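Below, each value reflects all heavy atoms present in this structure, side chains not excepted, and no hydrogens, waters or symmetry copies. Residue numbers start from 1 in every chain, and the chains themselves are labelled A, B, ... in the order their sequence lines are given, proteins ahead of strands. Keep in mind that what you see is a predicted model, and the values were worked out from it rather than measured.
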There are 2 protein chains.
Amino acid sequence: MTRPLAINRLNQILQTLHDTGSVSVGALADQFDVSKETIRRDLKQLAEQGRVSLVHGGATVGIPAEPSLSRREAENATGKAAIGRKAASLVKDGMVILIDSGSTTLFLAEALTTREHLTVMTNSLPIALTLCRTPGVKTIMLGGEIHANDEASFGVDTLESLKHFNVDLAFVGAGGISDEGEFTDYTRLAAEQRHAMLNTGRKAYVLADHTKFERKTPVNIAPSDRIAGLIVDYLPSGQISAAAAQSRWPIMLA
Amino acid sequence: MTRPLAINRLNQILQTLHDTGSVSVGALADQFDVSKETIRRDLKQLAEQGRVSLVHGGATVGIPAEPSLSRREAENATGKAAIGRKAASLVKDGMVILIDSGSTTLFLAEALTTREHLTVMTNSLPIALTLCRTPGVKTIMLGGEIHANDEASFGVDTLESLKHFNVDLAFVGAGGISDEGEFTDYTRLAAEQRHAMLNTGRKAYVLADHTKFERKTPVNIAPSDRIAGLIVDYLPSGQISAAAAQSRWPIMLA
DNA sequence: CATATAAAGTCACAAAATATCACATTGAGC
DNA sequence: GCTCAATGTGATATTTTGTGACTTTATATG
């Protein structure tokens, strides 16, 4: 008996998902006449590739419950503000820096509003708006399709723009940090863009508050040798610290 | 027994909420054939994410979209709002449009927040921010250096991005209108960019309220044959009207 | 203004569906 | 036959949903 190829099942699942926006484990198990466990393994695999998002009972396209920007701003505002100030202290007059979108990086932008000579590139609308109102700061917005949840541009256009630039420092966020010390993100696209941002800077710093430590988001951000430090509000667990030591970048406490 | 995915229920609740402005627990329970308690748990969850506001008996949209201070305090806000609504009436579902920066065009963006299927390109940060919060509107930000006065991108990068696109309608502002019916601008760069914007649209409309009629700013915007109309709040003087007639585009009163 | 009352909310618990994990089975390729 | 990866199975854990007792809120009414 020859078994139907699993790859076909995966492709059909993706097809259905894109047609209808969501799939349920039970329905797929019936449709392909396999056990629910098999379907779960399929979906898990697709989720690890960042192609679907798992939800109870099935999977959907897009991000089911990533908290909105305004929500994330409110969460642990003090810790994020401290991280922002710490990051700002690394920025010297006259530098050209890149700031990623996110609630933590928005605090960095706010901490930079007292500066006199800076050039800042960002993909975040609120950060651009904040900094363009600061005299003495030259602001460059990275164009592209705007993602509502981040209020920032993501996509081919943004990635393309990034290629044209080289900056002194890049400040990049992350969706979460895995136990192994890998930075993770909600979508494949975001992960790729953050990786590109890390490599755009001569040095790059990752900003993450302690709420990220426990959070494992589906896609890994590929490592970069430009990383010069991880800026946090609390010291992370031993595992993450060990991973940091191994990667030879310091953990900087705000 | 397989259950319908809870995530779909949540999404539909959000959709209904966006369409009608509010939802009631009882109606949703009937609609999805689940208990009221389940609906309450759904709404509570959405409220925790900041996506809805709970009220006794149901929920309403999270952010009531009150016009920002700068918008209300804008000079001749009523006239500009009328122009914005008039311009919005020219936009059909599914169109791809380009919106220039400016206070008048911001009112156009505001008037488009009820739409379902639109793609909007803009160089204005506030317009991008307004529209990216509107579900169903795909927003593309034109990148480049941000000018503090306009809170919008201007420059070589922006001009370059414009070349890659073709849109159904372009809505462009102007610094002023000369007696001869020429559109004028404050800087050479802005004038050149507005000219490029006019030519990016299959059709282009110029938005100008009556405070622009008397104003003669230093640089002329080169004429374009894509111009399909000038949208105003009051009819301009005879000279401007005559020039419009000669250029064969209509003056549209909001 | 106090009170009645119906509707809505809260909470704790139980039932059902789903998820996870370890281990068994199957079949293809060597 | 042996190995390995994919799949199935069943025990256990977790999540979601429903139910009913009880509390709170909105609103009308005297």
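For the pair A:Asp233 (side chain) and A:His210 (backbone), a donor-acceptor distance under 3.5 Å is present.
Smallest separation of non-hydrogen atoms from A:Ile146 and B:Cys132: CG2-CB, 3.4 Å.
Between A:Arg9 and D:dA6 there is no side-chain N or O to OP1 or OP2 distance below 4.0 Å. Remark: A:Lys36 is in phosphate contact with C:dT18, judged by side-chain N or O atoms under 4.0 Å from OP1 or OP2. Under 4.0 angstrom from either OP1 or OP2 of D:dG8 there lies at least one side-chain N or O belonging to A:Thr38.
Comparing C:dG9, D:dT17, C:dC11 against the side chain of B:Arg3 picks out D:dT17 as the nearest. The side chain of B:Arg41 has D:dG18 as its nearest neighbour among D:dG18, D:dG8, C:dG9.
Distance CZ (A:Arg40) to C1' (D:dT9): 12 Å, rounded to an integer number of Å. Spacing between atom CG of A:Asp33 and atom P of D:dA6 amounts to 19 Å, rounded to whole angstrom units. Distance, B:Gln45 CD to D:dT17 P: 9 Å, rounded to whole Å. The CD-C1' distance, from A:Glu37 to D:dA5, rounds to 15 Å in whole Å. The nearest whole Å value for the distance from the NE2 atom in B:His56 to the P atom in D:dT27 is 8 Å. Going from atom CD1 of A:Ile39 over to atom P of D:dT7 covers 9 Å, rounded to whole Å. The CG atom of B:Leu5 sits 15 Å away from the P atom of C:dA17 (whole-angstrom rounding). For the pair B:Asp42 CG and C:dG9 P, the computed distance is 13 Å after rounding to whole Å.
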Run the numbers on A:Arg133 and B:Glu151 for salt bridge (charged side-chain N to carboxylate O under 4.0 Å, His left out), then give the verdict.
CA-CA 8 Å; A:Arg133 289 170 181 160; B:Glu151 301 185 337; 2.6 Å; yes

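Between the side chains of A:Gln15 and A:Asn11, no donor-acceptor pair is found at a separation under 3.5 Å.
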